[in-house]
Each structure stands twice: as C-alpha cells, then as structure tokens.
Amino acid sequence: VQVVESGGGLVQAGDSLTLSCVVSGTTRTINAVAWYRQTPGKQRELVAGVSSGTITHYSDSVKGRFTASRDNAKNTVYLQMNSLKPEDTAVYYCNADLGDTYYASSYYLTGRMFEHWGQGTQVTVSS
C-alpha cells in the first residue's frame, strides 16, 4: 500500500493550497483519513479528519479555513487550505484507514492513529 501526499509548496500569507492524498497498491478504498502536520521539535498535530460519508473533524486552529473532502472514485482525499498563515507552516501527513469501521467525528479527539502513512508534503507560508 502506498500513500502519497502532494500539493505542498511555498506561498504567502492569505494564499490557498490544496493537498492531495492518494492511496494505491491496493484494491481497498479509503475509509477514513486524518491529516496531521508537524514542525521540527514538536509533536505531530491533528489538523483534520474525514470519515465515510460526510463526517469531518477540524482542529480549532484551522476550523473555518481548511476543508477536507474525498473523491472515492479516485481513492483520493483532499485538504483545501485557505487564508494560510505563517503558523500553518509544517510538513503535512496523510494517515489513512482502509478498513470498514465507522469513525464518528469524536474519534479524531482520541489521539489514535490509522495504519497507513504517507511521506509528508512541506507547506511553507511566508509573512
């Protein structure tokens, strides 16, 4: 199973980026994805989660600015990031579940992580 993030880059404050997370090498489809970000010396921080259907979760720091969505036909999950701030600078990781468990929004508050990880994509926001 390969999990690949893309779409990171260098932008200015106020700009937008859309990250993609593609899962391949399996016939299984994405059940749920959690987006994390990490900066040097800090713990990985949950940013958003998207479960089956329209279940989503957002951290307070990105609520109203980031939107997670999915394209089941492409086995891809997206993270649309608007009104980016310098503090959004981090490596963003996709954490995917390929099972069939239903994850309510509250699951993303538990700290538990899914099985499959991507290599991360760097997002840098300049002021």
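- Annotation: the span from Asp15 atom CG to Ser126 atom OG amounts to 8.0 Å, rounded to 0.5 Å.
- Exactly one of Asn95, Leu98, Val23 qualifies for a side-chain contact (heavy atoms from CB on, under 4.5 Å) with Val3. That residue is Val23.
- Side chains of Val62 and Met81 form no contact here, defined as non-hydrogen atoms less than 4.5 Å apart.
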Show your reasoning for whether side-chain contact (heavy atoms from CB on, under 4.5 Å) applies to Tyr108 and Ser51.
-> CA-CA 10 Å; Tyr108 297 99; Ser51 300; 2.6 Å; yes

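- Defined by atom type and a distance below 3.5 Å, a donor-acceptor pair is present between the side-chain atoms of Asn82 and Ser16.
- Closest of all the heavy-atom pairs between Ala68 and Thr56 is O-CG2, 4.0 Å.
- Here the side chains of Tyr78 and Cys21 are not in contact, with every heavy-atom distance at 4.5 Å or above.
- With ring centers used as reference points, Phe114 lies 6.0 Å or more from Tyr36.
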Given the rule in the side-chain contact (heavy atoms from CB on, under 4.5 Å) test, do Arg70 and Ile30 qualify, once you have shown the distances and angles that lead to the verdict?
-> CA-CA 9 Å; Arg70 57 193 298 158; Ile30 293 175; 4.0 Å; yes

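- Donor-acceptor pairing under 3.5 Å is recorded for the side chains of Gln80 and Thr18.
- Between the side chain of Gln119 and the backbone N or O of Val4, no donor-acceptor pair lies under 3.5 Å.
- Taking each heavy atom of Ser69 and Val77 in turn, the nearest pair found is O-CG1, 3.2 Å.
- Under the 4.5 Å side-chain criterion, counting only non-hydrogen atoms from C-beta, Tyr102 is in contact with Ser52.
- Using cut-offs of 30° and 60° on the angle between ring planes, the pair Trp117 and Tyr93 is perpendicular.
- Across all their heavy atoms, Ser59 and Glu45 have their closest contact at OG-OE2, 4.5 Å.
- For Asp100, the CG atom sits in a loose shell: 12 or fewer heavy atoms of surrounding residues, nucleotides or ligands are nearer than 6.0 Å.
- Between the side chain of Glu5 and the main chain of Cys94, a donor-acceptor pair closer than 3.5 Å is present.
- With respect to Lys85 and Asp88, no salt bridge is recorded, no charged nitrogen being found less than 4.0 Å from a carboxylate O.
- Under the 4.5 Å side-chain criterion, counting only non-hydrogen atoms from C-beta, Gln12 is not in contact with Leu84.
- Interatomic distance, Arg37 CZ to Arg44 CZ, rounded to the nearest 0.5 Å: 13.5 Å.
- Following chains of ILVMFWY side-chain contacts shorter than 4.5 Å, one cannot reach Val47 starting from Leu109, and the two form parts of different hydrophobic clusters.
- Residues Val11 and Leu79 fall within the same hydrophobic cluster, defined by Ile, Leu, Val, Met, Phe, Trp and Tyr side chains chained together at heavy-atom separations under 4.5 Å.
- Here the side chains of Glu115 and Asp97 are not in contact, with every heavy-atom distance at 4.5 Å or above.
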Quick one: do His57 and Tyr103 satisfy side-chain contact (heavy atoms from CB on, under 4.5 Å)? Show the steps, please.
-> CA-CA 10 Å; His57 169 82; Tyr103 295 104; over 6 Å; no

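- Contact detail for Ala13 and Pro86: the closest heavy-atom pair is CB-CD, 4.1 Å.
- Under the 4.5 Å side-chain criterion, counting only non-hydrogen atoms from C-beta, Glu87 is not in contact with Ser61.
- Taking hydrophobic clusters as Ile, Leu, Val, Met, Phe, Trp and Tyr residues chained together by side-chain heavy-atom distances below 4.5 Å, Tyr92 does not share a cluster with Met113.
- Nearest heavy atom pair, residue Ser105 against residue Ile55, reads N-CG2, 3.5 Å.
- Note on Leu46 and Tyr58: separate hydrophobic clusters, where clusters join Ile, Leu, Val, Met, Phe, Trp and Tyr whose side-chain heavy atoms are under 4.5 Å apart, directly or indirectly.
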